[in-house]
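Start at 1 with the first residue, then count along the sequence. Note that the structure is predicted; figures quoted are calculated from it, not measured.
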Amino acid sequence: MTPAPPPSLTLPEELLLLALDPGRGRPVVSRTSLRYGLAGAALADLAAAGRITPEGGGRFSVASPLPLHDPVLDGVLAALPGPAKGGRGIRARRWVHGAGRTVQELCLDRLVERGAVRRRTGRALGLFPYARFPVGPVDLTGPARSRFKAAADAHIPDPRSRLLGALASATGLDAKLLPGRALRPLRRELRRLAKEEWTAHAVRQAIQQDRNAAAS
C-alpha cells in the first residue's frame with residue numbers, strides 16, 4: 001500500500017519537494033513550468049477540499065471562502081478573484097499563468113519554516129540575486145520521493161498519486177522521476193491523465209501558451 005502523506009503536506013508542497021534537487025536546491029525542470037505546476041496543484045487541493053468547483057470551458061468558481069487552516073492553501077484561496085463579468089468563472093489557464101510565482105513563494109516559505117529546506121541567497125557574478133533551497137534538517141524530501149516511487153510501482157493506485165503524477169507529467173518532471181524505457185508505458189499513462197485532469201490540463205495550456213509566444 002502507498003504510504004499516506006503527512007496531513008499538513010499540501011499537494012503543491014509535495015510537488016515542489018519532488019522537483020528540487022536535494023543538494024543543489026534548484027529545480028530539475030523549467031522554473032516557469034514548475035511554478036505553473038504548483039499553481040495547478042493548489043487548485044487541485046482546493047477542489048478536493050470543496051473550496052472551488054470546476055466549470056465547463058476550462059473555468060472554475062469559488063464554492064466556499066472558509067479557510068482550511070493551512071498557510072499555503074488559505075493564502076491561495078484568499079487571493080482568488082471573484083467571478084468574471086457576467087458571472088462567469090475564473091479561467092484556470094489564465095489563473096495558473098499569473099499565480100505560479102505567488103504559490104511557489106507560499107510553498108517555499110512554509111517548507112523553510114518546517115525545516116524541510118534551507119534558503120540560501122547570493123549574487124551571481126556579484127550582480128544578479130539568486131536563491132537556492134537545498135534539503136533542510138527535517139527530511140520531507142526522502143519520504144516524498146519514496147511515496148512517489150511506491151505509487152509508481154503500484155501503477156498510481158489512488159486519487160492523490162494520480163493528481164501528483166498528472167502534474168508531474170504536465171511540467172515535464174515525470175521524465176526525471178521515472179526515467180528509462182521500462183517506465184515509458186507509465187509516462188504515457190501520466191500524459192493521458194494530464195490531459196484529463198482539469199488542473200493539470202490548465203498547466204499544460206499555460207506552458208504551451210509560453211511556447212507559442214516564444215515561437216512567434
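- Closest non-hydrogen pair, R114 versus V138, comes out as O-CG2, 3.4 Å.
- Judged as a side chain to side chain contact (heavy atoms under 4.5 Å, CB included), and not counting sequence neighbours, the contacts of R101 are R35.
- The two residues V72 and C107 make their nearest non-hydrogen contact at CG1-SG, 3.9 Å.
- V135 and V29 fall into different hydrophobic clusters, defined by Ile, Leu, Val, Met, Phe, Trp and Tyr side-chain heavy atoms under 4.5 Å apart, directly or through other members.
- Residues L80 and L46 form a side-chain contact, since some pair of their non-hydrogen atoms from C-beta on lies under 4.5 Å apart.
- Here the OG-CG distance, from S161 to L11, works out to 10.5 Å after rounding to the nearest 0.5 Å.
- With R51 contributing its side chain and D45 its backbone, the two residues share no donor-acceptor pair below 3.5 Å.
- A donor-acceptor pair under 3.5 Å links the side-chain atoms of T171 to the main chain of L167, judged by distance alone.
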key: Residues L9, L17; criterion side chain to side chain contact (heavy atoms under 4.5 Å, CB included); working and verdict   = CA-CA 10 Å; L9 194 63; L17 288 175; 4.2 Å; yes
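- Shown here for L106 and P71, the closest heavy-atom pair between the two residues is CD2-O, 4.2 Å.
- How far CZ of R192 is from NZ of K195: 10.5 Å, rounded to the nearest 0.5 Å.
- Looking at L177 and F148, their side chains come closer than 4.5 Å, going by heavy atoms from C-beta outward.
- In the hydrophobic cluster analysis, where Ile, Leu, Val, Met, Phe, Trp and Tyr join through side-chain heavy atoms closer than 4.5 angstrom, L18 is grouped together with V112.
- Enclosure of atom CZ in R118 by more than 12 non-hydrogen atoms of other residues, nucleotides or ligands within 6.0 angstrom is indicated.
- Side-chain atoms of H97 and Q205, non-hydrogen and from C-beta on, never get closer than 4.5 Å to each other.
- Here the closest non-hydrogen pair linking R123 and P129 is NH1-CD, 3.5 Å.
- Here T32 contributes atom OG1 and I207 contributes atom CD1; the two are 9.0 Å apart, rounded to the nearest 0.5 Å.
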Check against side chain to side chain contact (heavy atoms under 4.5 Å, CB included), W95 and L43 = CA-CA 10 Å; W95 186 85; L43 290 184; 3.6 Å; yes
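- Looking at heavy atoms from C-beta onward, R181 lies in side-chain contact with R184 at the 4.5 angstrom threshold.
- Nearest heavy atom pair, residue E197 against residue A166, reads CB-CB, 4.4 Å.
- In this structure a side-chain-to-backbone donor-acceptor pair under 3.5 Å is present from R187 to L178.
- Interatomic distance, CG of L186 versus CD of E189, reported as 7.5 Å (0.5 Å rounding).
- Residues satisfying the side chain to side chain contact (heavy atoms under 4.5 Å, CB included) criterion with P54, sequence neighbours excluded, are W198.
- Checked by atom type and distance alone, the side chain of R119 never pairs as donor or acceptor with a backbone atom of R132 at under 3.5 Å.
- Put simply, the side chain of L20 reaches to within 4.5 Å of the side chain of P27, judged on heavy atoms.
- One finds the CZ atom of R204 at 12.0 Å from the OG1 atom of T199 (value rounded to the nearest 0.5 Å).
- Between P22 and R145, the closest heavy-atom pair is CD-NH2, 3.8 Å.
- One distance of note links CG of L193 with CD1 of I156; it measures 8.0 Å at 0.5 Å rounding.
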ask   = Run the side chain to side chain contact (heavy atoms under 4.5 Å, CB included) check on L108 and F133 step by step: do they pass?
value = CA-CA 8 Å; L108 287 171; F133 297 89; 3.7 Å; yes
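- The closest donor-acceptor contact from the side chain of R120 to the backbone of A131 lies at 3.5 Å or more, if one exists at all.
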